[in-house]
Amino acid sequence: MQIIDKNKPRAVRLHKQLLIFSLSLIVFLIIILTKTPASIQLDAVRADMQTALPFSTSGRTIVDAKGKVVLLRGVNWFGMETDTHAPHGLWQRDYKEMLAQIKNLGYNVIRLPYSVAGLRSLNVSGIDYTIGSNIELQGKTPLEVMDLVIQEAERQGLLILLDSHRLNDQQIPELWYGDGFTEADWIDTWTMLAIRYKNQTNVIGADLKNEPHGKASWGDNNISTDWRLAAERAGNAILGVNPNWLIVVEGVEKNVPGQKLPQHWYGGNLEGVKNYPVRLSRSNKLVYSPHEYGAGVYNQPYFYDSNFPNNLIDRWQIGFNYIASQNIAPILIGEFGGRQVDLNSKEGIWQNELVKYIQKNNLSFTYWSWNPNSSDTGGILLDDWQSVNLPKQQLLSQLLPLVQVQPSNPPVSPTPSVSPTPTPSVSPSTTSTAQLKVTTEINSNWETGFCVSFKITNQGNTKVNNWQLAFNRNQAKINNFWNADFKQQGAIQYVVAPLDWGKTIEPNQVRDTGFCANKLGSDYQPQQIAAVSI
């Protein structure tokens, strides 16, 4: 308690109060300006569910309109840059269903590639219009398909980062022009999109050009090859018509004066930012975005250094993360991915190390890819375009916010950060009712956690219009789930309800759902599992 001497002159008391206020303000500013990556991560998790658009940047962070730190945690859903001119997988699934699954797995943004040729085309293919809401896409142009995907993403709480991935539909060009297209074609496409989506607030920005490489340079002032100068021209043109967007600039492959590292991935070389930063009309809209891959994509020499994987940290710091460390701008790793997530293969070790690095340094990312048909990397989805690659999702779960499952009496325990060793250790078990059969399998099981899938099969002759699954769990804390809503009822029971698109199960059709959880003891496996039609 503070005791004030009322006999002191009022001016003295006022001076003292002002001094205290000034000191408090200085301390507050010091705390804000010297936040550690760990404290930024806590702020980002708190802000994740209440994000105010549009976004801008502050030092190494992306912030929302209220100044809260935002971490972008997303996936690449490709296809619009190919000759189908539509996101892939719509020959297999409803597009709204696909978006709902992305959201339920814990991601908050989709990097959506397109080609300039595709958006100028009138033709769309690769969509089964008899599947659910896909009928809404029938007769639409590629640009109109993009409209509907973006609008549905907004309805489901997903952000969109547009990506100029190709000029034509076949290949990624070295430069921002070529393949029959000029720089004006490229910039005009961007300004058209910036105007079109100016009021579509979930479209947060422009990834200006995917993976500059080959002749592309940085900082040499060659007007025909210097990607840094081209990024300034395009970025400023976009901001001139839509000042709300983030401008995302990838690196190059080589041709950077004074670069230290001999090898970089396409788009991964941001060493030139130190001496030749991108200069935008709005400096608080700039985000740098490297791409990074493992030995499964190409056997870079450094994967075979004697100090691998310890050499990776220095590479990432020199190649791009000094930008965030020195508070120059935020880093968004626009692509990384691979088929292997184990701790034995070169690719698996690399991928585990990068996930830990992203977590430790609090970086944003969009994973390559959501699609299973990426030949080099595979995807988060398996080849049926519905089931989740659980070891991969388990690894990425370390970077995702906990999904709120609305427990009535939630257990309290810390969420560990571990390098997983996914090993299928429990055989599938089956339970059934008259019409619905549930097959349960623990797909991944490590020291502190596990992932389990439920496959609900309609073994009857008539369709099920709605269903529900229930199970008991004791010593486990669910941290993410997919394809359904999981709600705790009472101390140990969970009730699982399908999303709108998954309520109907035709005869012999299978619906897939599941969750990942932290172990709180040895009695962690789900029990008394049953599915019923309702």
Side-chain angles (χ1 to χ4, degrees), residues 37 40-58 60-78 87 95-113 149-163 197 200-207 244-246 248 287 289 330-337 355 358-359 361-371 379-381 388 392-405 415 479-483 485-486 499 515-516:
I40 291 173
Q41 185 175 35
L42 290 174
D43 288 348
V45 170
R46 295 189 192 105
D48 195 69
M49 300 305 292
Q50 296 180 337
T51 301
L53 297 164
F55 294 158
S56 57
T57 68
S58 177
R60 63 177 172 237
T61 61
I62 299 170
V63 295
D64 74 359
K66 295 181 180 179
K68 293 181 179 179
V69 175
V70 175
L71 283 181
L72 300 175
R73 309 169 176 93
V75 296
N76 286 268
W77 185 13
F78 68 79
Y95 79 98
K96 293 181 179 179
E97 174 184 325
M98 201 88 81
L99 290 167
Q101 188 176 25
I102 292 171
K103 177 66 174 180
N104 283 332
L105 285 173
Y107 302 99
N108 63 8
V109 63
I110 297 171
R111 181 172 178 259
L112 191 63
V149 170
I150 287 172
Q151 290 162 17
E152 180 61 22
E154 181 182 39
R155 192 183 72 81
Q156 299 203 29
L158 285 166
L159 306 169
I160 298 290
L161 174 65
L162 296 177
D163 158 39
Y197 298 127
Q200 187 75 43
T201 56
N202 68 315
V203 182
I204 61 169
D207 189 339
N244 290 328
W245 273 11
L246 295 175
V248 178
V287 176
S289 183
I331 287 292
L332 161 68
I333 300 181
E335 291 184 19
F336 80 98
V355 165
I358 291 170
Q359 184 180 50
N361 291 278
N362 220 27
L363 305 178
S364 292
F365 71 90
T366 48
Y367 190 77
W368 190 275
S369 63
W370 177 246
N371 308 45
I380 291 171
L381 291 184
V388 174
K392 193 172 287 190
Q393 176 64 20
Q394 170 197 313
L395 175 64
L396 295 173
S397 290
Q398 298 176 64
L399 304 174
L400 301 175
L402 298 182
V403 177
Q404 301 301 314
V405 293
T415 302
N479 56 35
N480 64 76
F481 49 85
W482 54 91
N483 289 1
D485 285 328
F486 283 60
L499 304 176
F515 66 86
C516 293

Assess the pair Phe78 and Trp368: is the distance between their ring centroids shorter than 6.0 Å?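 Yes, close enough.
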
Mark yes or no for whether [X], through its side chain, and [Y], through its backbone, hold a donor-acceptor pair below 3.5 Å.
X: Asp64; Y: Ala52; result: yes
X: Glu152; Y: Leu99; result: no
X: Arg111; Y: Gly74; result: no
X: Lys103; Y: Gly157; result: yes
X: Asn361; Y: Leu363; result: no
X: Asn202; Y: Leu158; result: yes
X: Ser289; Y: Leu332; result: yes
X: Trp245; Y: Val203; result: yes
X: Gln156; Y: Ile102; result: no
X: Thr366; Y: Gly334; result: yes

Residues that Asn244 engages under side chain to side chain contact (heavy atoms under 4.5 Å, CB included), provided they are two or more places apart: Pro54, Asn242

Kindly give the heavy-atom pair with the smallest separation between [X] and [Y], and that separation in Å.
X: Leu72; Y: Val109; value: CB-CG1, 4.0 Å
X: Trp482; Y: Asn104; value: CA-CB, 4.3 Å
X: Leu112; Y: Trp77; value: CD1-O, 3.6 Å

For residues [X] and [Y], determine if any side-chain heavy atom of one lies less than 4.5 Å from a side-chain heavy atom of the other.
X: Pro330; Y: Thr61; answer: no
X: Leu162; Y: Tyr197; answer: yes
X: Leu396; Y: Arg73; answer: no
X: Leu400; Y: Gln393; answer: yes
X: Ile204; Y: Ile62; answer: no
X: Glu154; Y: Thr201; answer: yes

Here's a test for you: under side chain to side chain contact (heavy atoms under 4.5 Å, CB included), which of Val63, Val70, Leu246 qualifies with Thr57?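 By the side chain to side chain contact (heavy atoms under 4.5 Å, CB included) criterion, Thr57 pairs with just one of Val63, Val70, Leu246: Leu246.
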
Who pairs with Ser397 by side-chain hydrogen bond (donor to acceptor under 3.5 Å, both in side chains), at least two apart in sequence or on another chain?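 Scan of Ser397 (side-chain hydrogen bond (donor to acceptor under 3.5 Å, both in side chains), adjacent residues dropped) gives Asn480.
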
How long is the gap from [atom1] on [X] to [atom2] on [Y], to the nearest 0.5 Å?
X: Leu159; Y: Tyr107; atom1: CG; atom2: OH; answer: 15.0 Å
X: Asn76; Y: Ile380; atom1: CG; atom2: CD1; answer: 9.5 Å
X: Arg155; Y: Gln151; atom1: CZ; atom2: CD; answer: 11.5 Å

Could you please spell out the steps behind the side-chain contact (heavy atoms from CB on, under 4.5 Å) verdict for Leu499 and Asn483? CA-CA 7 Å; Leu499 304 176; Asn483 289 1; 5.6 Å; no

Going by the rule ring pair (Phe, Tyr, Trp, His ring centres under 6.0 Å), which residues pair with Phe365 if we only count those two or more places apart in sequence or in a different chain?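 For Phe365, the residues satisfying ring pair (Phe, Tyr, Trp, His ring centres under 6.0 Å) (neighbours in sequence not counted) are Phe336.
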
Using side-chain contact (heavy atoms from CB on, under 4.5 Å), reason through Leu105 and Trp370 one step at a time and then give a plain yes or no. CA-CA 11 Å; Leu105 285 173; Trp370 177 246; 3.7 Å; yes

What verdict does the side-chain contact (heavy atoms from CB on, under 4.5 Å) test give for Leu381 and Met98, after you've listed the backbone C-alpha separation in whole Å, the side-chain angles of each residue and the deciding distance to 0.1 Å? CA-CA 10 Å; Leu381 291 184; Met98 201 88 81; 3.9 Å; yes

